[in-house]
Structures are given as structure tokens and as C-alpha cells.
Protein chains: 2
Amino acid sequence: MMRKKASRGGRKAKAGPAINGAVEFGRLSRWVGFNLRLAQEATFQAFSRLSREIGEHPGRFATLTLIAENPGISQTTLSNASGRDKSSMTPVLEDLVRRGLVQRKKTDKDRRAYRLSLTPAGQRTLAKLTACAQLHEDNLDRIIGRDRVRFIRVLKRISGA
Amino acid sequence: MMRKKASRGGRKAKAGPAINGAVEFGRLSRWVGFNLRLAQEATFQAFSRLSREIGEHPGRFATLTLIAENPGISQTTLSNASGRDKSSMTPVLEDLVRRGLVQRKKTDKDRRAYRLSLTPAGQRTLAKLTACAQLHEDNLDRIIGRDRVRFIRVLKRISGA
DNA sequence: TATTGTTATACTCTATAACTATA
DNA sequence: TATAGTTATAGAGTATAACAATA
């Protein structure tokens with residue numbers, strides 16, 4: 001949303017034609033939900049660009065990290081942790097396995113489930129994506145400044161509510 | 001992402017099996033980008049629920065508000081303000097016009113462009129959606145508390161960067 | 001009966017490119 | 001040539017329901 005950076009101030013602009021001038025965002029610009037969405041879109045796009053530079057989908061980052069942090073995790077647990085249905089995970093993991101980044105092993109203990117882990121190639125790809133994320137985070141730090149800790153705390157309160 | 005609210009603290013959990021226990025989010029939980037995404041998903045879902053209760057798509061709110069604040073706006077200007085391609089706007093406006101919420105007028109000045117405005121029904125729908133947004137915002141206020149002003153300021157810095 | 005993962009299917013949102021009608 | 005809006009089409013990303021294998 002809003003790449004154009006038109007008038008965001010909310011100064012009642014007399015509701016003009018807005019054919020080519022500044023667009024009036026009105027109350028929109030004072031709502032938390034709306035600003036959250038704009039900020040998220042901006043950061044996601046920035047991270048997407050960095051990811052695509054190394055030939056990866058931005059969405060793979062969370063998946064690979066969760067597998068790396070929880071080796072042996074099942075697909076169902078992984079999809080729950082990601083807040084997605086297990087069926088949405090199937091094509092993602094299919095892609096990661098096909099490209100040799102993730103390994104699936106059947107266990108004797110429960111022969112229905114897979115145990116997921118990263119291959120060495122998967123670890124290298126995750127390392128590259130992590131470098132992107134760190135670069136991205138450095139950029140954000142420069143923008144956020146000393147408000148960082150409090151900012152994250154508020155974000156966690158919102159997502160945990 | 002993450003409805004389950006597993007261990008978010010980042011305490012190195014020895015990388016256990018995570019088959020049915022807590023999932024380790026690792027560094028993920030300390031990154032601004034990731035927390036921004038979780039928070040945005042949570043608020044969007046909450047607002048979606050409120051919108052659907054009155055039979056509206058959550059995405060229509062921003063569109064209707066922008067038209068209300070900028071009567072006579074063209075589709076191209078509207079799509080730019082929304083950060084979307086004009087072709088993405090066509091089916092949205094088609095729906096709003098079909099339902100009698102938005103009016104399109106051709107002008108003599110430029111017979112290629114439409115001038116968009118809300119009908120009385122559109123204004124009523126917007127009023128209902130605005131009430132949802134206000135309710136949602138009240139909930140967020142309760143969560144965010146006195147950090148609100150600073151929080152929005154940081155969000156605006158991020159989306160404006 | 002319940003659960004793991006897959007399949008079939010569909011929906012939403014988005015974009016690109018080519019088109020038309022104007023300008 | 002350039003712009004406003006539409007169309008055709010495609011690609012992510014997601015979900016639901018039904019299914020086979022296993023528990």
C-alpha cells in the first residue's frame with residue numbers, strides 16, 4: 001500500500017478532485033491497523049528484494065529457520081508453528097526437498113510422520129538468507145533507532161493478544 | 001504465522017525433536033521484520049472477522065475511505081495511492097459499482113477517465129466499516145496503551161523509508 | 001476412531017502485457 | 001506517442017474436503 005507517499009498528514013484538504021494532486025488519506029493515516037499494514041508491506045518488500053537477489057523466495061526463510069531450530073520436527077507441527085494448514089506446507093516442502101535443502105526421514109516410531117531436517121546445502125541457503133535478514137534488520141535499526149526494544153515489545157503484545 | 005504461541009522467548013532449547021512439545025523460534029523471535037509480520041497478521045485477521053460480521057471484505061475499507069476523502073478521484077490515482085496496479089483495481093471497483101456503493105462518472109474534460117465517488121449506500125457501508133475499524137482500534141489501544149503515539153510514529157518512519 | 005501427509009480443487013490478491021479509446 | 005481503463009492470463013499463497021496409510 002502507498003508507494004507514492006502522498007499527503008499523509010491528514011490535514012483536511014477540502015476534499016478536492018485529487019486527479020493529479022496529493023491524495024488525502026484522512027483518518028486512515030491515524031489508525032494503528034492501517035499503519036501496521038503499510039509498515040509490514042514496506043519491510044516485506046525490502047526483504048523480498050534482498051531474497052530474490054540470492055534467488056530465494058522470502059517465505060522460505062521462516063520455514064528453513066524453524067526446521068533448523070527444531071531438527072526432526074514433523075510437517076504438522078511445522079505448519080501449526082507457521083499458523084498455516086498442513087496442506088499449505090506440502091508444496092513448500094516438496095520444493096525444498098526437490099532442491100536438496102531439506103531432508104525427510106520416516107521413523108519407526110510413527111510411520112505416518114516425517115522428521116524434517118536441513119541438509120548441508122539447506123544450511124548454506126539458510127546462512128545466505130540469514131545474512132539478508134541481518135542486512136534488512138540493520139536497515140530497520142537505522143530507521144527505528146533507540147525505540148527498538150519497546151517497539152518489538154509492543155509488536156509481541158499485539159500478536160500475542 | 002504462529003497462532004500456537006509456543007516458546008517465543010528464544011531460550012536455546014537444545015534443538016529437541018519438537019514433535020509435540022514447544023517449538024523453538026530462535027532468532028526469528030528477535031527480528032523486527034518477523035514480529036511486524038506476526039502483529040500485522042493478527043490485527044488483519046481481527047479486523048477481517050469484524051468486517052465479515054457485517055458482510056464486507058476488509059480490503060474494501062481502504063478503498064471506500066480513499067474515495068470518500070477524495071471524491072472525483074480517478075482509478076489510476078486511486079491505485080497509485082493504494083500501491084497497487086490499476087488492473088488490480090478493476091475487479092474491486094466493478095464489485096463496488098455493481099453493489100451500488102460507488103459511482104463512476106465520465107467527464108467531458110477527459111473522456112478516458114472516470115471520476116469516482118460514493119453513493120449514499122456507499123457512505124452507509126463506509127460508516128459501518130468505520131465503526132468496525134473504531135472497535136478494532138479500541139482493542140488495539142487497550143493492548144498498546146500509552147505507547148501508542150510513539151508506536152505509530154515508528155510505523156510511519158518504516159513505511160516512509 | 002484419530003492423525004499424518006497428499007491430492008484435488010478453488011479462492012483471493014496480485015502483476016504483466018496487450019488491447020481500446022481517447023488525448 | 002502517451003494515458004485511462006479493461007481484458008486475458010498467470011503466479012503466489014492459502015484453505016477445505018476427501019483420501020490412504022498408520023496409529
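Residue numbers start from 1 in every chain, and the chains themselves are labelled A, B, ... in the order their sequence lines are given, proteins ahead of strands. The basis for the numbers below is simple: all heavy atoms, side chains too, and nothing from hydrogens, waters or symmetry mates.
- The phosphate of C:dG5 (OP1 or OP2) has no side-chain N or O of A:R115 nearer than 4.0 angstrom.
- For B:S88, whose side chain is taken as the heavy atoms from C-beta onward, the closest listed nucleotide among D:dT6, C:dT22, C:dT14 is C:dT14.
- Between D:dG5, C:dA15, C:dT6, one nucleotide has an atom nearer to the side chain of B:Q75 than all others, and that is D:dG5.
- C:dT6 atom C1' lies 16 Å from atom CG of A:D95, rounded to whole Å.
- Atom CD of B:Q40 and atom C1' of C:dC13 are 14 Å apart (whole Å).
- In the model, A:R115 has no side-chain atom that pairs as donor or acceptor with a side-chain atom of A:Q103 under 3.5 Å.
- The distance between atom CE of B:M89 and atom P of D:dT3, rounded to the nearest whole Å, is 20 Å.
- Protein atom CG of B:N80 is 10 Å distant from nucleotide atom P of D:dG5, rounded to whole Å.
- Considering only the side chain of B:H57, C:dC13 comes nearest among C:dC13, D:dA15, C:dA15.
- Distance from the side chain of B:Y114 is smallest for D:dT6 among the nucleotides D:dT6, C:dT6, D:dT7.
- Here C:dA21 presents its P atom at 16 Å from NZ of B:K86, a figure rounded to the nearest Å.
- Nearest nucleotide to the B:R111 side chain, out of C:dT6, D:dT7, C:dT22: C:dT22.
- Here C:dT4 is the nucleotide among D:dT6, C:dT4, D:dA15 with the atom lying nearest to any side-chain atom of A:A113.
- Below the 3.5 angstrom threshold, one finds a donor paired with an acceptor across the side chain of B:S87 and the base of C:dT16.
- Counting to the nearest Å, the C1' atom of C:dA10 and the CG atom of A:D85 are 14 Å from each other.
- Atom CD in B:Q45 sits about 13 Å away from atom C1' in D:dA15, given to the nearest Å.
- Among the heavy atoms of the strands lying under 4.0 Å from A:T90 is at least one base atom, whether or not backbone atoms are also near.
- Residue B:R112 contributes atom CZ, which lies 16 Å from atom P of C:dT20 at whole-angstrom precision.
- When each of A:F44 and A:D110 is assigned the nucleotide of DNA chain D bearing its nearest heavy atom, the one mapping closer to the 5' terminus is A:F44.
- Looking at A:E137 and B:R30, no side-chain N of the basic residue comes within less than 4.0 Å of a carboxylate O on the acidic one, giving no salt bridge.
- Both B:D108 and B:P91 lie near DNA chain C, and the one whose nearest nucleotide falls closer to the 5' end is B:P91.
- Seen from the ring of B:Y114, B:K106 counts as a face-on cation partner, given the 6.0 Å and 45° thresholds.
- Salt bridge annotation for A:D95-A:R60: present, with a cationic side-chain nitrogen under 4.0 angstrom from a carboxylate oxygen.
- The residue among A:P58 and A:K109 whose nearest nucleotide of DNA chain D is located toward the 5' end is A:P58.
- In this structure, B:F151 CZ and B:R146 CZ are separated by 14.0 Å, a value rounded to the nearest 0.5 Å.
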